[in-house]
Amino acid sequence: MAPVAVTGVGMLTPFGEGLEPLWEALFGDRTALRERPGFPGGASGVVPGREAWHRPGRVRRLALDAGRQALGEARLPREHLARTGLCLGTIVGEAGHGLRCQDPGLSPARRAALRAAWSWGTLARRVARRLELGGVVIPVSTACASGADALGLAAAEIAAGRAPAMVAGGTEAVTPFQWQGFRRLGALDPGGVHPFDARRAGTGLGEGACFCVLEEESQARKRRAPILGRVLGWGTAADALSLAAPDPAGRGLARAARAALRQAGRSPEEVSFVVAHATGTPTNDRSEALALREVFGARLPGLPVTALKGATGHCFGASAAIEAAVALACLRHGSIPPVVGLRDLDPGLVVQPARQRPRQVGPGVALALASGLGGQNTALVLGGAR
Amino acid sequence: MIGDGLAVTAWGRWGAPGLPDFWALGTDRREEPAVEALAVLARHCLDQAGLAPGPTVALALALGSAIRGLNEQHAQAVFSGTPAALSPRVFLYTTPNAVAARVSILLGLTGESLTLPDPGAPFWVAADLLRTGRAEVVLVGGASAQAGPSGHGRQRAALLCLEPATRGQNRNRPPQAGLRLDPTTQSGCWPDEEEHGVAEALVGMVEAGSPGAVACGRRGRVLVETCVRLSKDSAP
């Protein structure tokens with residue numbers, strides 16, 4: 001795949017707006033997760049100032065704010081917007097609409113409107129319209145890999161010559177819809193998220209949105225846009241084993257990582273660090289560690305690895321896009337943050353994630369991994385600005 | 001033109017005569033209606049094209065309204081404070097990719113799997129997967145539940161097996177039709193609730209042996225080229 005430049009990044013996370021508050025929290029080893037009223041039995045992180053899940057169109061608003069930040073940073077000329085597309089990843093989209101339309105007091109017309117708005121395609125088109133994007137609109141829903149797949153699909157659109165620029169990423173909100181579902185699956189840990197830790201017992205839910213502006217590199221250079229990094233490769237693979245659990249041997253994730261490296265024309269030796277999916281569930285982290293061992297072999301114990309969900313919680317469809325954006329920032333800064341929530345490394349895992357203090361990383365590319373319910377696996381290979 | 005050289009080597013429409021029974025897949029329990037429809041169609045397409053499942057076979061599916069009934073069930077249970085009364089399986093099906101995942105599990109498809117809740121987008125993604133060599137075969141299509149909770153009788157689904165035209169010829173399987181994507185034509189949007197629609201329309205054209213075009217919203221059109229001409233051109 002021809003390299004695609006990232007010229008703008010916008011995000012909302014449980015630490016606030018933009019990359020900076022998240023970056024500070026990660027390097028300060030802080031978490032946003034805590035128990036909240038209405039979300040019992042686990043820890044959650046919500047975007048500050050926007051806690052009300054029942055606010056109409058909340059998922060769309062999160063996406064719009066992140067998209068506007070990204071477009072602002074990219075300084076994309078207005079005349080380019082007509083051909084710029086949108087690739088929007090989300091798992092359940094406006095699930096709050098789905099809950100509200102159960103209210104028996106609603107008028108039939110209001111209920112019908114809410115049902116119609118609870119649609120992946122409608123959400124994506126509304127965001128595109130509000131951002132004044134006139135290009136292609138692609139909704140994608142590949143579980144927790146949605147944000148990464150949105151970036152990969154957008155890069156493919158540009159590489160194929162169908163769009164000169166794309167806004168791509170993911171958006172998701174914490175609502176009782178997901179909360180009760182994850183509780184029912186027994187996947188939540190009331191004590192927070194502890195990736196790769198011996199005491200890890202489940203995940204915590206976060207929310208947010210992260211969108212990047214991707215462009216043909218030649219266009220970006222021609223208009224002297226800030227180049228924050230590059231999308232070099234994208235790979236996906238299905239476990240084809242279970243709806244709820246990952247492949248215990250991590251084979252699907254390893255195939256996705258190899259596919260992304262192959263597309264990027266890079267070898268595992270050229271990967272300077274990994275941003276892991278690391279949900280903090282016993283099965284996910286073990287499976288991911290085995291996938292990394294399959295890809296990196298004897299090099300794995302020395303390979304710098306970081307993960308974000310101990311700080312942000314699992315932001316569903318937005319999480320992989322947030323992680324990709326942080327990976328790009330790590331490439332620019334030459335260091336990765338410690339894994340928030342990790343104290344006692346599970347000795348059964350071969351990985352050696354950064355613990356309690358940042359770790360310097362050498363030149364090379366970053367590998368960002370994502371897995372999801374249904375055995376969905378995605379990997380992105382990301383490069384620096386050069 | 002993007003997408004030139006894409007061959008349709010198999011196709012199917014849910015409800016059409018001649019499809020295998022769901023139980024012929026060797027499963028021992030019923031599945032969600034969209035899963036049953038797409039699994040049967042995928043098996044039919046692979047058999048018709050003379051292909052085996054594996055990591056080089058990708059899925060690009062349009063799914064959304066097919067799971068609306070399950071989303072509603074889960075939302076209703078959460079709203080009424082009784083989520084524990086529902087099987088966790090219902091929650092798992094609130095994300096569209098669960099359908100593709102079950103199809104992958106039932107058929108052993110370990111290649112790329114992308115769920116795009118849009119009737120036309122899977123065709124463009126399929127073209128890219130083939131053009132870039134990420135997949136050798138893509139099963140592309142979608143499913144929709146036409147009304148209310150997803151009953152078996154209300155499911156609509158269609159699937160096409162796409163390969164590079166040269167690959168089908170090498171296997172002595174001349175394409176039955178060719179697909180061409182036209183990114184330049186702007187047209188109206190296909191309705192959200194009919195994710196299967198573009199695939200079903202294309203299958204209809206292939207079955208009728210007539211060329212035509214289906215609008216895919218702002219993505220342009222998917223064109224079915226003349227079957228007869230393609231078959232003659234590509235005869236081994």
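Order of the sequence lines fixes the chain letters, A, B, ..., with proteins taken first and strands second; residue numbering starts at 1 for each chain.
- When each of A/Ile91, A/Leu243, A/Leu185 is checked for heavy-atom pairs under 4.5 Å with chain B, A/Leu243 comes out on top.
- Residues passing the side-chain hydrogen bond (donor to acceptor under 3.5 Å, both in side chains) test with A/Gln180: none are found, sequence neighbours excluded.
- Checked by atom type and distance alone, the side chain of A/Gln376 pairs as donor or acceptor with a backbone atom of B/Ser113 at under 3.5 Å.
- Comparing B/Ser104, B/Gly64, B/Ala101, B/Pro88 by heavy-atom pairs within less than 4.5 Å of chain A, the highest count is held by B/Pro88.
- Among residues 245-263 of chain A, the residues having any heavy atom closer than 4.5 Å to a heavy atom of chain B are, in sequence order, A/Arg255, A/Gln263.
- At most 12 non-hydrogen atoms from other residues, nucleotides or ligands lie less than 6.0 angstrom from CZ of A/Arg130.
- Neither the backbone nor the side chain of B/Leu106 comes within contact range of chain A; no heavy atoms are under 4.5 Å apart.
- The candidate with the highest count of non-hydrogen atom pairs below 4.5 Å against chain B, out of A/Asn377, A/Val92, A/Val140, is A/Val140.
- For A/Ser242, the part lying near chain B is the backbone, with the side chain staying farther off; criterion is any non-hydrogen pair under 4.5 Å.
- Using a 4.5 Å cut-off on side-chain heavy atoms (C-beta onward), B/Leu116 and A/Ile138 make contact.
- Both the backbone and the side chain of A/Asp103 come within contact range of chain B, with heavy atoms under 4.5 Å apart.
- Residues satisfying the salt bridge (charged side-chain N to carboxylate O under 4.0 Å, His left out) criterion with B/Arg134, sequence neighbours excluded, are B/Glu112.
- Among B/Pro96, B/Pro83, B/Gly108, the residue with the largest count of heavy-atom pairs under 4.5 Å with chain A is B/Pro96.
- Between A/Leu241 and B/Ile105, every side-chain heavy-atom pair lies at or beyond the 4.5 Å cut-off.
- Closest approach of A/Ala237 and B/Thr110 over heavy atoms only: CB-O, 4.0 Å.
- Here B/Ala84 is the residue among B/Gly111, B/Ala98, B/Ala84 with the most heavy-atom pairs under 4.5 Å with chain A.
- The distance from atom OG1 of B/Thr95 to atom CH2 of A/Trp120, rounded to the nearest 0.5 Å, is 7.5 Å.
- Annotation: the span from B/Arg68 atom CZ to A/Ser119 atom OG amounts to 6.5 Å, rounded to 0.5 Å.
- Contact count against chain B (heavy-atom pairs under 4.5 Å) is highest for A/Ser141 among A/Gly374, A/Gly93, A/Ser141.
- Contact annotation for B/Leu109: only backbone heavy atoms (N, CA, C, O) come within less than 4.5 Å of a heavy atom of chain A.
- A/Pro104 is listed as a side-chain neighbour of B/Phe79, based on a closest heavy-atom distance under 4.5 Å.
- To the nearest 0.5 Å, the span separating CH2 on B/Trp124 from CD on A/Glu157 amounts to 8.0 Å.
- Shown here for B/Ala75 and A/Gln102, the closest heavy-atom pair between the two residues is CB-NE2, 3.6 Å.
- Remark: side-chain polar atoms of A/Arg184 are paired, donor with acceptor, to backbone N or O of B/Leu86 under 3.5 angstrom.
- If you measure heavy-atom distances from A/Leu99 to chain B, the contacts under 4.5 Å come from both the backbone and the side chain.
- The choice from A/Trp234, A/Trp179, A/Phe182 that makes the most heavy-atom pairs within less than 4.5 Å of chain B is A/Trp234.
- Using a 4.5 Å cut-off between heavy atoms, A/Trp118 touches chain B through backbone and side chain atoms alike.
- Looking at A/Asp149, the atoms closer than 4.5 Å to chain B (heavy atoms on both sides) all sit in the side chain, from C-beta outward.
- In terms of the salt bridge (charged side-chain N to carboxylate O under 4.0 Å, His left out) criterion, A/Arg126 has no residue partners (sequence neighbours excluded).
- With chain B as partner, the option from A/Ala159, A/Gly235, A/Gly375, A/Gly181 having the largest number of non-hydrogen pairs under 4.5 angstrom is A/Gly181.
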